[in-house]
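Data block below; observations after.
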Amino acid sequence: MKSPLIILALIQGILSLNTTTITTAALPTYFHNDTPWYTPRIPLFTSSLSTLTEVYYYRWSLYRAHQRDLGPDGYITTEFLNDVSWQTQPYASLVDAAGFHLREGRWCRDRRFNGDYVGFMLDGERGDMYQFSEWVADSIWEGHLVDGDVDSAVAKLDRLVDVFGGWEGNMTEAGTGGFDGEKGLFWIQPLTDATEYTIASIDASGGVDGFIGGDSFRPSVNSYQFANALAIARLAELGGDQALAEEYENRAHAIKANVQKSLWNSTFEHFIDRYQVENENVTYWNYIRGRELVGYVPWTHDLPDDNETFAQAWVHLLDSEKFAGSNSLRTSEPSYEYFMRQYRYEGSQRECQWNGPAWPYQITQVLIGLANLLDHYPVSSNLGIVTRKDYTDLLVQYAELHYNPDRGGALDLEEDYDADTGRPIVGLARSPHYFHSGFIDLILSGFVGIRPRADDVLEVNPLADGDSVSFFRAENILYHGHDIAVQWDTSGEQYGTAGLIIIIDGETAASAPDLTRLTVNITRNKPPAIQRPMAKSIQLQSDSAWPRGSVSVTGADPESIHAAIDGRVWFFPEADIANGWDTPVGNGSEIWYQIKFGISTTTASAELAFFANETQGFDAPEGCRVEVLDSGGWVEVSGAHYTEPVANGITIASWDEVATECIRIVFVPKREQRVRLVEFKVFSEIS
Ligand SMILES: *[C@@H]1O[C@H](CO)[C@@H](O)[C@H](O)[C@H]1NC(C)=O
Ligand SMILES: *[C@@H]1O[C@H](CO)[C@@H](O)[C@H](O)[C@H]1NC(C)=O
Ligand SMILES: *[C@@H]1O[C@H](CO)[C@@H](O)[C@H](O)[C@H]1NC(C)=O
Ligand SMILES: *[C@@H]1O[C@H](CO)[C@@H](O)[C@H](O)[C@H]1NC(C)=O
Ligand SMILES: *[C@@H]1O[C@H](CO)[C@@H](O)[C@H](O)[C@H]1NC(C)=O
Ligand SMILES: *[C@@H]1O[C@H](CO)[C@@H](O)[C@H](O)[C@H]1NC(C)=O
Ligand SMILES: *[C@@H]1O[C@H](CO)[C@@H](O)[C@H](O)[C@H]1NC(C)=O
Ligand SMILES: *[C@@H]1O[C@H](CO)[C@@H](O)[C@H](O)[C@H]1NC(C)=O
């Protein structure tokens with residue numbers, strides 16, 4: 001007879017097969033009072049590599065912080081938290097980061113964010129599609145592989161064709177990029193590729209500068225356009241336009257053939273730039289004189305053939321004299337004459353450069369490329385030049401960059417890093433929580449290995465290395481309208497069952513004893529309908545006419561008053577990215593913040609975001625009320641209901657619908673505390 005303890009353990013083991021989940025109960029650890037935003041929206045993830053778990057959730061807070069509500073124009077995703085001078089006004093959009101944003105956002109269960117953002121970029125002329133190189137068509141295709149929503153993706157086809165055409169016309173006109181018909185390749189100024197100070201731009205200046213100039217045929221832009229053309233071809237096929245599909249399939253194949261023929265440098269065994277510019281220092285069509293990390297971008301988009309020649313490029317990645325710094329991947333090699341020479345400063349602080357610094361932007365591309373190679377380049381991966389262990393190690397190394405030693409080791413991703421020390425280089429006021437890279441997608445499509453597909457199959461091929469990872473589990477993933485979970489447990493000690501398990505809608509659908517590829521047929525469900533409550537209170541820039549904010553305190557800074565209605569919500573503590581309007585220290589008297597709409601506007605609810613930080617002396621107010629301007633003066637809205645005021649989260653007010661030109665919130669700051677009103681968002685509907 002077995003002891004009761006063993007029987008209990010067996011029962012728990014059986015039960016835990018289907019019942020042990022991470023559960024959303026873990027979320028308050030990461031998101032505190034803001035947890036309600038995340039619970040319905042994000043897939044959950046945990047791993048024995050706790051750095052990956054922690055950074056995974058940080059990356060969702062980064063994603064949330066960069067959702068800018070434009071009011072009637074919906075949401076876009078931003079690259080910098082605050083305004084920068086080169087953004088597209090008045091929205092703060094920048095197309096160079098869009099590919100990363102959409103690829104992270106494809107895992108968000110709330111499809112509004114990607115849907116709005118794609119609409120913003122393609123419907124109408126609001127975003128600038130030609131300010132930087134982009135892979136938006138490809139990202140739309142990649143997004144549809146996760147949600148299975150063919151119609152929404154095909155609906156963008158005409159505009160994607162238009163934008164692709166514009167890369168030949170509009171770019172050439174701007175003088176910063178275009179298509180060379182004779183070579184059959186795209187060229188671009190490195191700055192317009194969002195990578196200033198590359199070998200091409202520095203050497204074209206004779207080593208003097210390199211911020212602008214250095215126009216080149218680059219592996220990056222050609223891979224993007226290859227992927228964009230292929231995405232258009234596939235969408236055209238789904239949309240039933242065979243002729244268009246064929247045309248773009250041919251374009252993609254031509255770009256691929258020309259990249260392989262012309263940008264592969266067999267001396268360096270790497271894809272590298274060739275000059276498009278011709279001047280006293282460099283010659284049209286000559287190769288640049290060194291390897292750059294951008295040479296792996298062809299694999300990010302599955303461009304190269306799978307063969308032994310091209311696989312040699314991966315030898316350089318792990319070589320400490322080449323790309324492998326002690327703490328991250330260099331963008332060019334130490335042998336380059338101007339490696340890490342600092343050219344550009346803001347004041348005395350170093351600015352962004354690509355002559356060696358590590359960039360999360362390109363680390364993401366390399367890791368996607370490496371995952372592609374390990375997943376479906378059998379000839380190359382069988383050479384053993386790079387392995388799953390390398391993938392896991394590089395992913396963990398990348399995760400570690402997210403902890404900023406210059407900010408006490410806090411989670412704070414910035415622009416670029418010294419690949420040897422792992423410290424951020426730029427550290428400007430605009431730098432904290434920079435969003436021009438991916439991580440969530442690397443976890444879910446790489447480490448966990450969900451390889452999204454266009455057909456009715458769920459394929460999972462974890463790249464997690466079995467020797468370094470004892471367990472992981474990802475759940476709450478919306479795939480083709482189903483709830484997916486993937487679980488690995490080496491010993492069975494974590495989840496009660498050893499091995500790899502795929503769970504669809506709560507039922508085990510496939511399993512294997514090892515970390516191996518599994519495929520399961522899956523039907524296609526319609527994804528949940530998208531809810532689009534529209535904020536009425538958003539002022540895009542401080543000089544936009546309406547709506548307008550004002551406060552009861554005299555002498556307040558107009559920019560910070562604007563910040564409380566600018567559609568941006570985050571609760572990060574760094575002072576240089578403080579977001580909202582700060583009241584004076586509480587002394588028992590009432591304070592108000594007022595919004596004038598400029599036109600009679602129906603109102604019925606509001607979302608209030610208050611910041612708190614004990615050491616900085618901020619807290620949520622004692623309570624608050626909403627008032628509207630009536631003929632007789634200010635009155636509290638009728639039927640008002642307020643949730644308990646929370647700090648670093650959303651407080652909700654709702655009331656009987658009322659039309660008004662002016663609305664305000666009135667509150668008393670706690671004694672000796674200030675209130676930072678991060679956002680005051682007003683809706684016409686009950687939220
Ligand atoms: C760019 O070119 C496309 C197609 O050639 C055209 O439809 C579009 O209006 C142009 N856009 C801009 C911003 O110039
Ligand atoms: C070429 O290099 C020299 C330095 O050797 C520099 O002064 C000059 O401006 C460069 N020419 C161009 C067109 O940038
Ligand atoms: C590769 O590039 C280098 C540097 O520009 C050049 O010297 C070399 O000839 C190139 N190799 C080939 C095979 O063209
Ligand atoms: C790899 O593919 C390229 C482009 O098709 C070709 O030039 C090269 O010879 C191939 N290498 C091998 C080893 O097959
Ligand atoms: C777990 O799920 C599988 C597949 O749906 C089912 O056959 C099994 O009975 C379930 N086990 C428990 C303990 O619920
Ligand atoms: C999966 O679907 C394919 C294609 O419809 C079919 O041939 C195959 O038998 C299915 N496999 C299973 C296990 O149902
Ligand atoms: C209390 O604070 C309000 C505004 O914050 C200010 O106008 C008022 O003068 C203060 N009262 C006292 C007694 O300090
Ligand atoms: C409060 O702000 C300080 C910086 O002033 C920061 O070091 C600390 O981590 C913040 N506290 C929390 C809980 O975020």
Side-chain angles (χ1 to χ4, degrees), residues 133 177 180 183-205 207 210 213-227 255-279 281-301 303-305 307-319 321-324 329-340 353-359 361-363 365-366 369-370 373 380 385-386 419:
S133 53
D180 184 320
K183 304 296 185 196
L185 288 170
F186 289 87
W187 57 271
I188 196 160
Q189 168 180 249
L191 176 62
T192 309
D193 214 12
T195 60
E196 55 275 48
Y197 297 95
T198 63
I199 293 178
S201 66
I202 293 173
D203 282 359
S205 80
D215 303 355
S216 294
F217 301 96
R218 308 201 76 213
S220 50
V221 67
N222 285 289
S223 301
Y224 305 156
Q225 291 297 76
F226 162 76
I255 297 166
K256 172 184 162 117
N258 289 325
V259 168
Q260 297 197 136
K261 185 177 84 177
S262 302
L263 300 188
W264 178 256
N265 179 296
S266 58
T267 315
F268 285 127
E269 298 192 299
H270 210 67
F271 289 107
I272 62 173
D273 296 13
R274 295 178 93 143
Y275 291 104
Q276 194 270 346
V277 58
E278 164 94 37
N279 69 18
N281 300 315
V282 297
T283 306
Y284 175 85
W285 202 239
N286 271 6
Y287 285 106
I288 58 169
R289 56 168 160 154
R291 294 184 199 94
E292 294 180 316
L293 199 62
V294 71
Y296 297 108
V297 174
W299 282 273
T300 311
H301 299 286
L303 183 149
D305 284 338
N307 74 32
E308 291 188 25
T309 307
F310 296 140
Q312 297 311 311
W314 293 87
V315 172
H316 323 306
L317 187 71
L318 304 171
D319 183 335
E321 290 183 359
K322 293 173 179 158
F323 293 118
L329 297 173
R330 307 177 180 115
T331 45
S332 68
E333 299 180 356
S335 57
Y336 174 50
E337 184 181 359
Y338 302 113
F339 174 73
M340 292 299 279
Q353 298 190 177
W354 284 73
N355 56 340
W359 280 83
Y361 161 177
Q362 204 137 70
I363 295 166
Q365 293 177 316
V366 170
L370 180 52
L373 183 122
S380 304
I385 297 169
V386 275

*Where do F217 and V259 land on the side-chain contact (heavy atoms from CB on, under 4.5 Å) test, with the steps shown first?*
CA-CA 9 Å; F217 301 96; V259 168; over 6 Å; no

*Go through the steps to decide whether L191 and E196 satisfy the test side-chain contact (heavy atoms from CB on, under 4.5 Å), and finish with yes or no.*
CA-CA 4 Å; L191 176 62; E196 55 275 48; 3.9 Å; yes

*asked:* Q312 vs I385, test: side-chain contact (heavy atoms from CB on, under 4.5 Å). Steps then yes/no.
replied: CA-CA 8 Å; Q312 297 311 311; I385 297 169; 4.1 Å; yes

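E308 pairs by the side-chain contact (heavy atoms from CB on, under 4.5 Å) definition with V379, L383, not counting sequence neighbours. Scored by the side-chain contact (heavy atoms from CB on, under 4.5 Å) test, A324 finds no partners at all (sequence neighbours excluded). Residues passing the side-chain contact (heavy atoms from CB on, under 4.5 Å) test with S262, sequence neighbours excluded: L185, R274, W285. Residues that satisfy the salt bridge (Lys or Arg N to Asp or Glu O under 4.0 Å) test with E269, not counting sequence neighbours, are absent from this structure. Here N286 pairs with Y275, T283 under the side-chain contact (heavy atoms from CB on, under 4.5 Å) rule; sequence neighbours left out. Here T195 pairs with R218 under the side chain to side chain donor-acceptor pair (under 3.5 Å) rule; sequence neighbours left out. In this view, Q353 and Q342, N355 satisfy the side chain to side chain donor-acceptor pair (under 3.5 Å) rule, not counting sequence neighbours. Legend: residues meeting ring-ring contact (aromatic ring centres under 6.0 Å, His included) with W359, ordered by chain and number and at least two apart, are W354. Residues passing the ring-ring contact (aromatic ring centres under 6.0 Å, His included) test with F268: none are found, sequence neighbours excluded. Here F226 pairs with nothing under the ring-ring contact (aromatic ring centres under 6.0 Å, His included) rule; sequence neighbours left out. Partners of N279 by side chain to side chain donor-acceptor pair (under 3.5 Å), not counting sequence neighbours: none found. Applying the side chain to side chain donor-acceptor pair (under 3.5 Å) criterion to Y296, with sequence neighbours excluded, gives no partner residue.
Residue P190 comes nearest to S201 through the heavy atom pair CG-CB, 4.0 Å, listed as atom of the first residue, atom of the second, then distance. Considering every non-hydrogen atom in both F271 and P304, the closest pair reads CE1-CG, 4.0 Å. In plain terms, the two heavy atoms of H301 and A227 that are nearest each other are ND1-CB, 3.6 Å. When all heavy atoms of W299 and L373 are compared, the pair lying nearest together is NE1-CD1, 3.8 Å. Contact between A358 and I363 at its shortest, heavy atoms only, is CB-CD1, 4.4 Å. Contact record, S332 with E292: CB-CG, 4.3 Å, taken as the closest heavy-atom pair.
Using a distance-only test at 3.5 Å, with no hydrogens or angles considered, a donor-acceptor pair links the side chain of S223 to the main chain of P219. Distance alone, capped at 3.5 Å, places no donor-acceptor pair between the Y336 side chain and the G356 backbone. In this structure a side-chain-to-backbone donor-acceptor pair under 3.5 Å is present from N307 to T309. Using modelled atom types, one side-chain atom of Q189 and one backbone atom of G213 make a donor-acceptor pair closer than 3.5 Å. The backbone N or O of K261 lies less than 3.5 Å from no partner atom in the side chain of N258, so there is not a single donor-acceptor pair.
Evaluated for a side-chain hydrogen bond (donor to acceptor under 3.5 Å, both in side chains) with H316, the options R291, E333, E321 yield exactly one hit, R291. Of the residues L263, V297, I188, the one that meets the side-chain contact (heavy atoms from CB on, under 4.5 Å) test with N222 is L263. For the pairing with S216, the side-chain contact (heavy atoms from CB on, under 4.5 Å) check across D273, I199, V277 returns one residue only, D273.
Two residues are said to be in side-chain contact when any heavy atoms from C-beta on lie closer than 4.5 Å; I288 and D203 fail this criterion. By the 4.5 Å heavy-atom criterion applied to side chains, L293 and V366 are counted as neighbours. D193 places a side-chain heavy atom less than 4.5 Å from the side chain of Y224.
One side chain, Y284 or D180, offers a donor N or O that lies under 3.5 Å from an acceptor on the other.
Between W264 atom CH2 and I272 atom CD1 the span is 10.0 Å, to the nearest 0.5 Å. Atom CZ of F323 sits about 9.0 Å away from atom CD of Q362, to the nearest 0.5 Å.
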